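In what follows, a single structure is set out as C-alpha cells and then discussed.
Just so it is clear, the model here is predicted, and its values are computed rather than measured.
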Amino acid sequence: MRVPHRQRASHRDDTTVSAEEELGTTGVARRTVGAAESQRASRAWWDADADDYLAEHGSDIGDADFIWSPEGLREADAHLLGDPADLRGARVLEVGCGSAPCARWLATQGARPVALDLSRGMLRHAAALGVSTGVTVPLVEAGAERLPFADSSFDLACSAFGAVPFVAEPRQVMREVARVLRPGGRWVFAVNHPMRWMFSDDPGPGGLTVTQSYFDRTPYVEVDESGAATYVEHHRTLGDRVRDVVAAGLVLTDIVEPEWPEGRETVWGQWSPLRGALFPGTAIFCTRRP
C-alpha cells in the first residue's frame, strides 16, 4: 500500500537526501498534467522516495500482509477478494504493488500472484523482501494504463492505494484491468476517499476545515524550477470513479468506506483517530467482470 505523498507526513533523517531534493522540487502548481508527464513524474518520484517510504511505513504495511487502508483493514478479515478458498490456485494481479507485501501475503494463501509496479526502486525492495521472507512472487515493471498481459489472464486483480490515484487516465486503467480479467473475475481497488480532497493534510483540528472544492479536479503537482512535474496526484469524485468502472464494462458490487477502529491510535499522514471518527479516509471499490 502506498499512501499518496500529498497526504503523508515525513519523519526522516535530515542527513539524507529527500526525494524532493533529489528531483529538484521547488514548488507546487495546480495545472493540467497529461498521461506521459504524469507517468514520468510518478516513476521518478517513487524511484527516489522508495527507500524513505519503506523506512517510514514498512512496519505499517508489513513484509507479507494485505492491508487495504490506513484504518488497518486487512484482507484476512474483510475477504473483499472472496473466501479464502477462492484464493487457492487463483491467478492474481496486484496493480501498483510497491514493495509487494500484498502479493506475498496472497502467495502464502495459495494464490499465484503477479506484482506490477511502475517504479524500479519499489520493485528493488520487493525483490529484496522476497528473498528475506522466503516468499517470492513474479515482479513486472510496467504502468497500469498499458498492462503487458494477454486478455483473460487473471482470476482476480487488486490494488491497495497503488497506481489509481497517480494516473491521468484512470478510465484506461479500468479498461485494461477488465481486459486482463477472465469473465467473472473480481477487481478491487482502494484509494484515498474522494471527499478528503477538500481538506488539508493536517491530521489534527486544522484538517477539519474545508480548504478547496470537492469538484476541482485540477491535479496536485509538485514542480522543479523549470516547471516540470516531479510529483503528481490526480483527483476524481466518487461519481467519477463509479463512471470509470461502468465505462470499462465492469459491475460495481460494493463501495467500502472503512470506519476508524475503536482504540486505534495510529497517525499516518492525514489519517488519524480524530478525523477517522468524523469522516471516511478510504474508499474501496469492489467490482467484477460480467
Side-chain angles (χ1 to χ4, degrees), residues 1-11 20 25-33 38 41-42 45 49 53 56-57 60 67-73 96 159-171 173 189-223 227 229-246 252 254-286:
M1 184 176 74
R2 292 187 294 170
V3 175
H5 169 62
R6 182 177 180 268
Q7 284 93 14
R8 74 176 178 88
S10 180
H11 305 283
E20 289 90 347
T25 301
T26 58
V28 175
R30 297 296 302 278
R31 63 171 174 82
T32 300
V33 179
S38 186
S42 289
W45 170 264
D49 195 52
Y53 185 86
E56 184 174 350
H57 294 303
D60 295 319
I67 300 177
W68 280 109
S69 68
E71 292 85 1
L73 183 67
S159 184
F161 280 83
V164 178
F166 307 105
V167 298
E169 299 175 347
R171 184 165 296 188
V173 176
F189 65 96
V191 296
N192 43 316
H193 198 287
M195 73 170 291
R196 286 293 180 100
W197 192 255
M198 298 185 292
F199 301 92
S200 71
D201 302 340
D202 187 347
L208 302 180
T209 301
V210 170
T211 59
Q212 66 186 44
S213 171
Y214 170 79
F215 300 104
D216 183 358
R217 296 164 175 85
T218 308
Y220 169 85
V221 189
E222 294 178 4
V223 296
T230 59
Y231 175 89
V232 183
E233 185 183 337
H234 297 272
H235 169 58
R236 296 293 184 271
T237 67
L238 195 66
D240 292 337
R241 295 290 186 208
V242 171
R243 283 185 286 274
D244 288 348
V245 164
V246 173
L252 181 67
D254 198 3
I255 300 176
V256 178
E257 298 167 297
E259 296 187 35
W260 195 269
E262 184 177 353
R264 182 174 175 81
E265 298 301 322
T266 300
V267 174
W268 184 341
Q270 66 152 312
W271 284 263
S272 67
L274 173 67
R275 286 156 61 101
L278 298 173
F279 46 80
T282 300
I284 306 174
F285 295 81
C286 303

Once you round to the nearest 0.5 Å, how far does CH2 of Trp268 lie from CG of Asp60? 4.5 Å
Where do Tyr220 and Val28 land on the side-chain contact (heavy atoms from CB on, under 4.5 Å) test, with the steps shown first? CA-CA 7 Å; Tyr220 169 85; Val28 175; 3.5 Å; yes
Parallel, tilted or perpendicular: which describes the rings of Phe199 and Phe279, with under 30° parallel and over 60° perpendicular? parallel
Is a side-chain donor or acceptor of Ser38 paired with a backbone partner of Val33 at a separation under 3.5 angstrom? no
Looking at every heavy atom in both Thr218 and Arg30, which two are closest together, and how far apart are they? O-NH2, 2.8 Å
So, using salt bridge (charged side-chain N to carboxylate O under 4.0 Å, His left out) as the criterion, who are the partners of Arg171 when residues are at least two apart? Asp244
For a 4.5 angstrom cut-off between non-hydrogen side-chain atoms, does Val191 reach Phe166? no
Shortest non-hydrogen contact between Thr266 and Pro273, atoms and distance: O-CD, 3.5 Å
In Å and rounded to the nearest 0.5 Å, what is the CH2 to OG distance from Trp271 to Ser69? 9.0 Å
How far does CZ of Arg196 sit from CG of Asp201, to the nearest 0.5 angstrom? 10.0 Å
Start with the C-alpha distance between Leu208 and Arg275, add both sets of side-chain angles, then the distance that settles side-chain contact (heavy atoms from CB on, under 4.5 Å), and finish with yes or no. CA-CA 7 Å; Leu208 302 180; Arg275 286 156 61 101; 3.6 Å; yes
Can you give me the closest heavy-atom contact between Pro194 and Ala283, atom names plus distance? CD-CB, 4.1 Å
Tell me every residue that passes side-chain contact (heavy atoms from CB on, under 4.5 Å) with Asp240, counting only those two or more places apart in sequence or in another chain. Arg217, Arg236, Thr237, Arg243
Side-chain contact test, heavy atoms from C-beta onward, threshold under 4.5 Å: evaluate it for Glu233 versus Trp45 and give yes or no. no
Apply side-chain contact (heavy atoms from CB on, under 4.5 Å) to Ser213 and list each qualifying residue two or more places apart in sequence or on a separate chain. Phe215, Asp216
Which atom pairs, one a donor and one an acceptor, fall under 3.5 Å between side chains of residues 254-261 and the rest of the protein, sequence neighbours left out?
| residue | atom | partner | partner atom | Å |
| --- | --- | --- | --- | --- |
| Glu257 | OE2 | His193 | NE2 | 2.8 |
| Trp260 | NE1 | Arg264 | O | 2.8 |

Rounded distance (nearest 0.5 Å) linking atom CG of Asp49 with atom OG1 of Thr230: 11.0 Å
Answer yes or no: is there a side-chain heavy-atom contact under 4.5 Å between Arg241 and Pro170? yes
Holding to side-chain contact (heavy atoms from CB on, under 4.5 Å), I want the full list of residues that pass it with Ala190, two or more places apart in sequence or in another chain. Trp68, Phe161, Thr282, Ile284
Taking the side chain as every heavy atom from C-beta outward, state whether Val164 and Phe285 have any atom pair closer than 4.5 Å. no
Between Gly207 and Ser200, what is the shortest heavy-atom contact and its length? CA-OG, 3.7 Å
Shortest non-hydrogen separation from Pro205 to Leu274 and the atoms involved: N-CD2, 3.5 Å
Considering all heavy atoms, the nearest Ala41-Val232 contact: CB-CG2, 4.0 Å
Between Tyr214 and Gln212: side-chain donor-acceptor atoms closer than 3.5 Å: no
Could you check Val173 against Phe189 for side-chain contact (heavy atoms from CB on, under 4.5 Å), going step by step and ending with a plain yes or no? CA-CA 11 Å; Val173 176; Phe189 65 96; over 6 Å; no
Angle between ring planes, His235 versus Trp197, binned at 30° and 60°: parallel, tilted or perpendicular? parallel
By ring-ring contact (aromatic ring centres under 6.0 Å, His included) - contacts of His234 (at least two apart): none
